[in-house]
Trainee: 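Got a structure for you, written out below as structure tokens; questions coming shortly.
For ligands, and for the atoms within them, numbers begin at 1 and follow the listed sequence. Given the structure is predicted, the values throughout are model-derived calculations rather than measurements. Counting begins at 1 with the first residue of the sequence. When reading the values below, keep in mind they use all heavy atoms of this one structure, side chains included, and skip hydrogens, waters and symmetry mates.
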Amino acid sequence: MIRLSVFILFACYIVMAIEAKSLPKTNTLDQRVDSVLKLMTLDEKIGQMNLLTSDWDVTGPSINKGYLADIKSGRCGNIFNAHTVAYTRKLQEVAVKESRLGIPLLFGYDVIHGHKTIFPISLGEAASWDLEKIERSARVSAIEAAASGINWTFAPMCDISVEPRWGRVSEGAGEDPYLGSRIAEARVRGFQGKNNNLADPLTIAACVKHFAAYGAPQAGRDYNTVDMSERTFRDVYLLPYKAAVKAGAVTVMSSFNELNGVPATANKWLMKDILRKELGFKGFIVTDYTSVTELVNHGVAKDDAAAGLLSVKASIDMDMQGEAFAKYLKNQVETGQATIKMVNDAVRRILRVKFQLGLFDDPYKYCNTEREKKLIYAPEHLEAAYKVARSSMVLLKNANNTLPLHKGEKIAVIGELATSTRDLLGSWKAAGNWDFMKSILDEIKAYNGAENTLYSLGCKKMGNDRSEFEAAIEIAKGADKIVMVVGEDCDWSGEASSRTSIKIPGVQSELIERLTALNKPIVVVLMNGRPLDLSKESKLADAILETWYSGTKGGKAITDVLFGEYNPSGKLPMTFPQNVGQVPLYYYAKNTGRPIYLPNDKYKSKYIDCTNDPLYPFGFGLSYTTFSYSDITLSNNNLTNDGAIEATITVSNTGKVEGEEVVQLYIRDLIGSVTRPVKELKGFQKIALKAGESKKISFKITPDMLAFYRLDMTYGTESGDFKLFIGGNSRDVKETNFTLAK
Ligand code: BGC
């Protein structure tokens, strides 16, 4: 009898499993989701809420080696850090053919700035201020990832940060919420396709991370406490996440940090009230790596079980690598501590994304070997990477037109980073391969001729070894110009790479200083993932080119910029301070009650050993040409609440070569019910101008651009006087005034 009932049950399961694999396609998405959900056991449901790393490319401590068995048993519905068609197909086959219901796996991966073809690091891309190119970068990354079996990327990273000490500024778009929001949207469009058509086999699901305010750790130390006012959170930090959600991102990642005493992964206010209710997010929330069980260390849960319960109650849907749901949630549902509704809601949201991706229709839709062969490192992808790389570079100094270099000049290239291809890829290199790449030195030789290109190591990027100094100085003596490639090891940026000093490491600057004795023009080429303290180098060098970590085609892009084949057009997405003591230093600061008017005033908001000015302000970047800005004209000085006015300026290329300029619009609200920033970026346009050419540039100003969280925390505008600024960076601007009517 028992046997018979087991047999009947088993037979039912088989019928149901077949059903799940061949669901009618005519039903609505929700009906299809529910038709699977109703077949699932509690264990299988919880399995869908579990995300485990494969042992391929672990980005943190791996605690589960048995993921294959877990896929088979339905205990694990999602895998990350697995790629290539062959490998993902193997795992997908286990899920589809060997698990009871055959629910396909999601394959997540950190495709941050490229998959195989690597683009500049995200901060570098942000410096291009070129939304089309940034979208194209995400598109190409999605195409290559999708062709490699991946269907979900843990990007875009939308964390605003004013903290150069924090290693992860390299992964974001910098300090500004407006620029950050536009970039976040562009990246979502790139990953998920223009119309969020996830059914297209060359799109992948995006994941907005790290929600929320992960970019504001105290003292810039990774994973550290975040404590900020709700007003700052809403007016600044929330905006890029919001933009990405609005652009249609189907997943969000909860961050490691606490926000005002409540860790994000247990934060109902953040996840339910803000993300789901206010922002209307319909997708699923995944945690960051073991951030559920880290609630124990945070001190809000006594053990992993309690941690899981807090998370599920905060409407977290998927546990990355912590296995708190996998281990404890079943019992918590059975004993009434958690409800089955919580589980069902989470699983619905996860299955929904799997359906949207078309995985139920074809679980192997990302597993096409031909496509993989054809698309990985496709020439048009490398070309796109080259173009973004060129546009991301920021010319910080160019005294006496030291740059561009001239073909055929004798150039002494010095520094370890000049020959390193690995560093060009940055910290999130994904599946990028640096063996076949060309270094900066290779490309300079190819362009300038090996006979005109001398090389000496000089010193390493780290450490105090000066033994190669003299050899480098000797080599430099025979050159017309010196190109010194310096910066940080790529692993000094990214996760768990916070610094207390933001100076160029080791003895690299010391060598620059020694080389100045030769009285030859010195060009410093920087490779780094954060704003650096360049106060010393800015005096020693004749020219400074910030190249970030510029990706697979970085060597060529840098060479072409150095030799004037491309006129640099990047602008800083983060303020470069004079020194670390000024940090956090950002352009949208408040005026304070004691701003400085006269340099020698004592009781002012300032330092006694340094001015308040940055070394290089937000939005700053030079060109091989020069631009001039006319005065601003406004179509009307009075803006009505349902109206719009137009601000127009003429920008002229006053130099000898064609160039691109990022025309930036800033606004200041002069009197508010709460204090307002001295400037806020509200628009920008990147334009190209031939030598001698002028263009009229217009910005439409509408009241919504002036809205903020007012004294009573309602969102809206306040009538009164505003300043409007337009310029080529946040400091050097033309200005005018307008009024917002009552
Ligand atoms: C990082 C995330 C990343 C995840 C998966 C974590 O350590 O904080 O940004 O997506 O690992 O690799």
Trainee: Tell me if the aromatic rings of F80 and Y289 count as close, with their centers under 6.0 Å from one another.
Mentor: yes
Trainee: Identify whether NZ of Lys or CZ of Arg in R187 sits under 6.0 Å from the centre of the six-membered ring of F191 and within 45° of that ring's axis.
Mentor: no
Trainee: Can you tell me which portion of E171 lies within the under-4.0 Å heavy-atom range of ligand 1? Options are side chain, backbone, both, or neither.
Mentor: neither
Trainee: Say whether D288, considering both its backbone and side-chain N or O atoms, lies within less than 3.5 Å of an N or O atom on ligand 1.
Mentor: yes
Trainee: Test R234 against D273 for salt bridge (Lys or Arg N to Asp or Glu O under 4.0 Å), laying out the working first.
Mentor: CA-CA 13 Å; R234 286 179 176 279; D273 299 349; over 6 Å; no
Trainee: Is the closest N or O pair between D110 and ligand 1 shorter than 3.5 Å?
Mentor: yes
Trainee: Is Y289 in polar range of ligand 1, meaning some N or O pair under 3.5 Å apart?
Mentor: no
Trainee: Decide whether the shortest distance between a heavy atom of M157 and an atom of ligand 1 is less than 4.0 Å.
Mentor: no
Trainee: Going by distance only, is there an N or O of E495 that falls short of 3.5 Å from an N or O of ligand 1?
Mentor: yes
Trainee: Ignoring hydrogens, what is the shortest heavy-atom contact between D533 and V580? Give both atom names and the distance.
Mentor: OD2-N, 4.4 Å
Trainee: If you count the atoms of ligand 1 from 1 in the order shown, which ones are under 4.0 Å from a heavy atom of R168?
Mentor: 1 (C), 2 (C), 8 (O), 9 (O)
Trainee: Any N/O of K209 closer than 3.5 Å to an N/O of ligand 1?
Mentor: yes
Trainee: In residues 203-213, what donor-acceptor pairs under 3.5 Å come from side-chain atoms, sequence neighbours left out?
Mentor:
residue, atom, partner, partner atom, Å
T203, OG1, N197, O, 3.0
T203, OG1, L198, O, 3.4
T203, OG1, D200, O, 2.9
K209, NZ, D110, OD1, 3.2
K209, NZ, F154, O, 2.9
H210, ND1, D159, OD2, 2.8

Trainee: Would you say the side-chain atoms of Y377 pair up with the backbone N or O of E144, donor to acceptor, closer than 3.5 Å?
Mentor: no
Trainee: Which ligand 1 atoms, with their elements, are less than 4.0 angstrom from a heavy-atom of M253?
Mentor: 10 (O)
Trainee: Using ring-ring contact (aromatic ring centres under 6.0 Å, His included) as the criterion, list what pairs up with F618, not counting sequence neighbours.
Mentor: W129, Y587
Trainee: Tell me if the aromatic rings of W152 and Y366 count as close, with their centers under 6.0 Å from one another.
Mentor: no
Trainee: Under 4.0 Å, counting heavy atoms only: does Y109 come that close to any atom of ligand 1?
Mentor: no
Trainee: Determine whether the side chain, the backbone, both or neither of Q321 has a heavy atom under 4.0 Å from any heavy atom of ligand 1.
Mentor: neither
